[in-house]
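To start, the structure under review is shown below, and the notes come after it.
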Number of protein chains: 2
Amino acid sequence: MEEFLNERFQEVLHCIIEEYIVTANPVGSKFIAGKCSLNLSSASIRNIMASLEEKGYIHQPYFSAGRVPTSSGYKFYINSILKTKKISKQQKEEIRSSFNISGRDIKKILWQAVHLLSEISHYMPIVLAPERTYANLLHIEFIKLDKSNLLVVTVFDGGIVDNKIIGADRDYTQAELSKYSAKLNEIINGHNIDELKDVILKGIDKDRESFFSLLNGIIFNFDLVKNKIENEDDYLYIGSRMNLFDEPEFSNYEKIKSLIKAFEDKKTIIKLLELAKQKEGIHIFIGSDTEWSDINGLSVITASYHSKKGFAEGSIGLIGPSRMNYAMAIPAVNYMAKLLCDII
Amino acid sequence: MEEFLNERFQEVLHCIIEEYIVTANPVGSKFIAGKCSLNLSSASIRNIMASLEEKGYIHQPYFSAGRVPTSSGYKFYINSILKTKKISKQQKEEIRSSFNISGRDIKKILWQAVHLLSEISHYMPIVLAPERTYANLLHIEFIKLDKSNLLVVTVFDGGIVDNKIIGADRDYTQAELSKYSAKLNEIINGHNIDELKDVILKGIDKDRESFFSLLNGIIFNFDLVKNKIENEDDYLYIGSRMNLFDEPEFSNYEKIKSLIKAFEDKKTIIKLLELAKQKEGIHIFIGSDTEWSDINGLSVITASYHSKKGFAEGSIGLIGPSRMNYAMAIPAVNYMAKLLCDII
DNA sequence: ATTAGCACTCTATATTATAGAGTGCTAATA
DNA sequence: TATTAGCACTCTATAATATAGAGTGCTAAT
């Protein structure tokens, strides 16, 4: 897919991108001539730049302006040129130790991941909560709210708790409900949602009619829990937007507005992170990629995280300008994903 | 506190504010002369305006510009001039019927209130979740997560559910926990958080040492629940910011940024709504009020809502430009608060 | 193959000019 | 005495113009 670029071309592209990342201003040939390791005059650089432009890696905003990297330019840079900085052991230790995991509350853990990544990167982190399909059910409890409403508390391993209010077909007493809860808990032990429907229907024989509606309620609930975490707030965690707004590309009203609008509807981001979840390791969406065409000028670095059992559980990402500091940001996301694997 | 203004002055102030609310541009004497019901020339209006300015109700951005209302101007307008529009019965019915309260999930209800108020008003609604201090406890349930962690589910009337993971002093079996849960539930029935500590300590005699740490855990939890809902997400609900950003006063980069910054930290808003909660009925914070000095140019209309039992439970608000359409917005907030009273 | 030199293009910024809205004051009017 | 027409004045917002400078592509020389 990607064309071969000789070393000289790569070096020039490299310089342009790294300079653009810092200044956000179009980069001129004179600057490159002075800065980059090739000892060439600005005129030669200009020739190379003209070539790079023809190949689509850089772009002139207008005649006789400097050059700005294109999406393909970034892509090539990331795939072939970029050397990411490793995070020092000391820094790793610092990050890990600032994770306060007392309580094992998944919500808090994810928020902490968001805040930490925000602090490290100065971009906008996003985290998708772990999938529950493969989570093992630990406990189900029915609690009476009133004559016609019951609360179903569903607890999965990893400290994931789901509350759901369902209607009751008749007026159960709490004692009854406790009995049914206990009965169910005997059966469900250690099964995941997918297996559960069968397990339950098999496990219950005689009592079936007596708490049929309860069963229906929770089975319906499983479907909901499995397919989508109902409340977006508990599904997608978004870090501070301020970091993005401080970037020069969003220093005008129209752009900032389009940005806010894009993030107000969380569906785009959710879709992206769900995509990332299915893939192993780091993935990067740049500028006008098909999966991420909504906002021009933004890139997203994503990584999936998963428990030690091995299947995909969730994903974490970092949204920044396309012009973002990939060398720093990629290992940051990567390390945070690893950390989540360890903790969850 | 507020000076007396004769009818003529009031009428001019009225015209200025209502015009400014619509156009967001300084209002000139000529326009007022043509528009308002007083049959006076622009020269006479100018005299009146000069007086109004001296009294502090209006203000000239610069010499020979039109006049803009000040905070005092708005205050006077709201207290003495404004005639709010009543919401038609038909509209009330529409709003009420679009409330989908199946499930009685408090979270969903509050979000719905936010979305509805946003739609009606085109400003930014905020809702503070009901206080739990006076909520009656319905049920407590201990659920085993693993050797050293327990989940405490606390259910209050009104469908409020609180999950909290606490450490265990030893390895309880689920059967044990269920027993303790049942025992506690016998005692707590119908008491509110404030009374609960005593009730529990009195109700448990012999078993006290056997599940002392559990008790400690939940009592500590009560304190948390009572004093503050730990997770801001479950406490404060904020509507779409877009409506605000569409207002002309925020059509420049600096202002929009200060606005975002102000809202990113939810504490200011929470403080305001907690203040509003303690007061009966509608309250309005304008521009540079001491309680709301953070953002110039914004006003907040607040109302407390409460269950039929009568004590304050929560509050709802609407943030808009000071230049907001109070005649429409005040009854909207008021009605929504009433609606919340009915539903909760 | 590389580069110095140069004319050229385009933007960004500052500068100036112009139009118009709104004022305060004064003198005339009812 | 209260009101108003008239007018000079102030200030902003917009447009028009000028200037500087950054960066280019091309050509001819090295």
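Below, chain A is the first sequence line, B the second, and so on; all start at residue 1.
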With B:Tyr57, which of B:Phe76, B:Tyr74, B:Phe9 fulfils ring-ring contact (aromatic ring centres under 6.0 Å, His included)?
B:Phe76

B:Arg46 side chain near C:dC25 phosphate (N/O to OP1/OP2, under 4.0 Å)
no

Tell me the interatomic distance from A:Ile48, atom CD1, to D:dT24, atom P, rounded to whole angstroms.
13 Å

Using only modelled atom types and a 3.5 angstrom limit, is any donor from either the side chain of B:Ser64 or the base of D:dT10 paired with an acceptor on the other?
yes

Gap separating the OG atom of B:Ser118 from the CE atom of B:Met124, nearest 0.5 angstrom
9.5 Å

Spacing of B:Lys30 atom NZ relative to C:dT23 atom C1', expressed in whole Å
12 Å

Describe, in one word, how the ring planes of A:Phe285 and A:His283 are oriented to each other, choosing from parallel (under 30°), tilted (30 to 60°) and perpendicular (over 60°).
tilted

Could you please name the option among C:dG5, D:dG6, C:dC10 that lies closest to any side-chain atom of A:Tyr62?
C:dC10

Just the rounded figure in Å: distance from P of C:dT23 to CG of B:Asn47.
11 Å

Within the structure shown, what part of the strands sits under 4.0 Å from A:Ser29 by heavy-atom distance: base, sugar-phosphate, or nothing?
sugar-phosphate

Using whole Å, what does the distance between atom C1' of nucleotide C:dC10 and atom CZ of A:Arg67 come to?
14 Å

For DNA chain C, write out the stems as range with range, using runs of 3 or more consecutive Watson-Crick or G-U pairs with both distances under 3.5 Å.
C:1-30 with D:1-30

If I take atom CD1 in residue B:Ile58 and atom P in nucleotide C:dG22, what distance separates them, rounded to the nearest angstrom?
14 Å

Atom-pair distance (CZ on B:Phe63; P on C:dG24), nearest Å:
6 Å

Ignoring backbone atoms, establish whether A:Arg8 has a side-chain N or O less than 4.0 Å from OP1 or OP2 of C:dT2.
yes

Criterion salt bridge (Lys or Arg N to Asp or Glu O under 4.0 Å) against A:Arg323, the qualifying member of A:Glu19, A:Glu247, A:Glu18
A:Glu247

Separation of atom CG in B:Asn25 from atom P in C:dA21, rounded to whole Å:
12 Å

Measuring from B:Ser41:OG to B:Ile32:CD1, what's the distance to the nearest 0.5 Å?
13.0 Å

Mind checking B:Asn39 for me? I need base, sugar-phosphate or nothing, with any heavy atom below 4.0 Å counting as a touch.
sugar-phosphate

In whole angstroms, the gap separating P of C:dC10 from CD of A:Gln60 amounts to 11 Å

With no hydrogens and no angle check, just 3.5 Å: does a side-chain donor-acceptor pair link B:Ser315 and B:Glu274?
no

Go nucleotide by nucleotide along DNA chain D from the 5' end; which of A:Met49 and B:Ala43 gets its closest nucleotide reached first?
B:Ala43

Report yes if the side chains of A:Leu128 and A:Ile316 come closer than 4.5 Å at any heavy-atom pair, otherwise no.
no

